[in-house]
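Step one of this worksheet: look at the structure below.
Proteins come first, then strands; the chains are lettered A, B, ... in the order of their sequence lines, and each starts at number 1.
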Protein chains: 2
Amino acid sequence: MEELSARIALMYPLSEPAMAQFLSIWKSTTYEKGAHLLKAGQVSNYMYFVGKGAVRIYYQKEEKEITEWLALDYNFFFSIQSFFQRVPSRLAIHTLETSEVFMMHHDDLMQLCEQSHEIEKLFRKMITTSLILSQIRMESIQFENAHQRYQRLLNGSPDILKRVPLSYIASFLGITQETLSRVRNAR
Amino acid sequence: MEELSARIALMYPLSEPAMAQFLSIWKSTTYEKGAHLLKAGQVSNYMYFVGKGAVRIYYQKEEKEITEWLALDYNFFFSIQSFFQRVPSRLAIHTLETSEVFMMHHDDLMQLCEQSHEIEKLFRKMITTSLILSQIRMESIQFENAHQRYQRLLNGSPDILKRVPLSYIASFLGITQETLSRVRNAR
DNA sequence: CGCCGAGTTGAACTGAATCAAGAAACGTGG
DNA sequence: CCACGTTTCTTGATTCAGTTCAACTCGGCG
């Protein structure tokens, strides 16, 4: 819980009562490796945060599984479209390691946002961060080749290779497993 | 101004005084075709809205010009990273047609957000919309081929071909002008 | 008429996907 | 602790979408 509150404070420093209020709507559960937090077709009601652990967001696309996001150690994640638009999610979420997962229900968040301008503002900052990350990822996909994207990922999470199967990493990078293998072993 | 206020109301229906307050920080200017709203290297202080008209956001990348965004008739646009992070923008913005452009200064917006929870919430919704669009565009770039992306663009703005040179459209779609030409004339 | 920018067409090339085997690592039961 | 099957990863050959480079067409317009 301290890590969660530290990450929140980093985005926008809430007053003490607001922080307490905000933290109060987060529930924590420890999931075994391979457990599903969300299945495809459900409306995703939660925004999540992983403690120490690893989580994968993926979906089915023409008999292939696409890894949409990988969240390791102390990071937020959620199904953007489903959470905001309240529509069933194509995405599924499962753990890659036994992980402590914190989750906050959409309705609780909305209710707090109504009551508290401060929390509304925090939430706005969280979305802004997502938007900027989304832009950066888009540019990476559009202009960087397989090798550059792989390097970028390694810079951000050097230990990801030891913790996530290559097939997931390849899909997350938008390349095939074979290409990733070649890129890794080149030179 | 009515169009601007209509688009705002669509995202989040402000109370009358809040709407008046919000509209009051927007200034309007009519720019001739080819005029620059923003040059690369400047911090972008504004969020923009085009009335009837057309605007292009672009940047220099290794002696090529990349068209990052095209905004036609009654749409918002801005340099996301520069606006939020207050860093110099790689992006430049110019008009493709004589256009009425509305602009809102970052600091005015922030001040209003401090004062008014309602406006903060509107702003949050605006960013959320951007985030969802960004996700959709990312998926389009990653998984759709040149022909599909072209079709998607046409569906969204059928008259864009008549108003924007092909070289800009190609770059916006992330393909070369030659490929766009082939895609257009195929079959 | 000749030039100029915008768009098209053709041919060669390239990065990554696909298809197809293999090799290595992993774990489960004997 | 080993043997076996399964999953994960690598390697090779071929194919393909899209790029690059170069030449060409077309429609203004001074």
Side-chain angles (χ1 to χ4, degrees), chain A residues 32-35 54 56 58-68 70 72 94-98 137-154 157-187, chain B residues 33-34 54 56 58 60-67 70 94-97 137-154 157-187:
Chain A
E32 291 303 304
K33 173 174 175 170
R56 170 180 170 244
Y58 66 98
Y59 63 97
Q60 209 70 29
K61 185 172 181 93
E62 295 145 20
E63 77 253 9
K64 269 181 212 159
E65 261 188 14
I66 307 291
T67 295
E68 155 107 6
L70 294 168
L72 269 65
H94 72 171
T95 51
L96 298 177
E97 304 171 355
T98 298
R137 184 158 180 223
M138 179 152 43
E139 192 169 333
S140 171
I141 288 171
Q142 189 164 12
F143 296 113
E144 292 181 343
N145 64 25
H147 189 258
Q148 292 167 324
R149 274 180 274 169
Y150 174 69
Q151 286 302 335
R152 172 185 293 276
L153 180 67
L154 278 200
S157 335
D159 61 340
I160 200 167
L161 281 181
K162 279 150 213 128
R163 299 171 61 185
V164 180
L166 287 192
S167 61
Y168 296 165
I169 292 178
S171 170
F172 177 59
L173 292 175
I175 61 182
T176 60
Q177 186 174 177
E178 292 93 323
T179 298
L180 177 57
S181 177
R182 285 183 242 268
V183 154
R184 253 156 57 85
N185 299 336
R187 148 185 51 269
Chain B
K33 173 175 175 169
R56 168 180 173 247
Y58 65 98
Q60 208 70 27
K61 185 173 181 93
E62 295 143 19
E63 77 252 9
K64 269 182 209 156
E65 262 187 15
I66 307 291
T67 295
L70 294 168
H94 71 170
T95 52
L96 299 176
E97 303 170 356
R137 184 157 181 224
M138 179 150 46
E139 193 169 331
S140 171
I141 289 172
Q142 190 164 12
F143 296 113
E144 293 181 343
N145 63 26
H147 190 258
Q148 292 167 325
R149 274 180 276 170
Y150 174 69
Q151 286 301 334
R152 172 185 293 276
L153 179 68
L154 278 200
S157 336
D159 61 338
I160 200 167
L161 282 180
K162 280 151 212 126
R163 298 171 62 186
V164 180
L166 287 193
S167 60
Y168 296 165
I169 292 178
S171 170
F172 177 58
L173 292 174
I175 60 183
T176 59
Q177 185 173 179
E178 292 94 325
T179 297
L180 177 58
S181 177
R182 285 182 244 269
V183 154
R184 251 156 58 84
N185 298 336
R187 152 182 41 275

Q.
Is it the case that atom NZ in B:K61 sees more than 12 heavy atoms from other parts of the structure closer than 6.0 Å?
A.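 Counting other residues, nucleotides and ligands, NZ of B:K61 exceeds 12 neighbours.
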Given atom [atom1] of [X] and atom [atom2] of [N], what is their separation to the nearest angstrom?
{"X": "B:L161", "N": "C:dG7", "atom1": "CG", "atom2": "P", "value": "10 Å"}
{"X": "A:Q177", "N": "C:dA16", "atom1": "CD", "atom2": "C1'", "value": "15 Å"}
{"X": "A:I141", "N": "C:dG15", "atom1": "CD1", "atom2": "P", "value": "20 Å"}
{"X": "A:F143", "N": "C:dA16", "atom1": "CZ", "atom2": "P", "value": "15 Å"}
{"X": "A:N185", "N": "C:dA23", "atom1": "CG", "atom2": "C1'", "value": "13 Å"}
{"X": "A:L180", "N": "C:dT18", "atom1": "CG", "atom2": "P", "value": "15 Å"}
{"X": "A:Y168", "N": "D:dC9", "atom1": "OH", "atom2": "C1'", "value": "14 Å"}
{"X": "A:E63", "N": "C:dT18", "atom1": "CD", "atom2": "P", "value": "10 Å"}

Q: Give the minimum heavy-atom separation between A:L72 and A:R163, together with the two atoms involved.
A: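 Between these two residues, the closest heavy atoms are CD2-NH1, 3.8 Å.
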Q: Determine the minimum heavy-atom distance between A:L173 and B:Q142, stating which atoms define it.
A: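 Closest approach of A:L173 to B:Q142: C-NE2, 4.5 Å.
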Q: Specify whether A:Y59 and B:F143 have parallel, tilted or perpendicular ring planes, treating 30° as the upper limit for parallel and 60° as the lower limit for perpendicular.
A: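 Because their plane-to-plane angle is over 60°, the rings of A:Y59 and B:F143 count as perpendicular.
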With the side chain of [X] defined as its heavy atoms from C-beta on, choose the nearest nucleotide among [options].
{"X": "A:T179", "options": "C:dA17, D:dC9, C:dA11", "answer": "C:dA17"}
{"X": "B:N145", "options": "D:dT10, D:dG18, C:dT9", "answer": "D:dG18"}
{"X": "B:R182", "options": "D:dT20, D:dC9, C:dT8", "answer": "D:dT20"}
{"X": "A:A146", "options": "D:dT11, D:dT19, C:dA16", "answer": "C:dA16"}

Distance below 4.0 Å between [X] side-chain N/O and [N] OP1 or OP2:
{"X": "B:R184", "N": "C:dT8", "value": "yes"}
{"X": "A:T176", "N": "C:dA17", "value": "yes"}
{"X": "B:K64", "N": "D:dT20", "value": "yes"}

Q: Decide yes or no on salt bridge (charged side-chain N to carboxylate O under 4.0 Å, His left out) for A:E65 and A:R56, but give the supporting numbers first.
A: CA-CA 11 Å; A:E65 261 188 14; A:R56 170 180 170 244; 2.7 Å; yes
Q. More 5' along DNA chain C: A:E178 or A:R149, using each one's nearest nucleotide?
A.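 With A:E178 and A:R149 compared, the 5'-side residue is A:R149.
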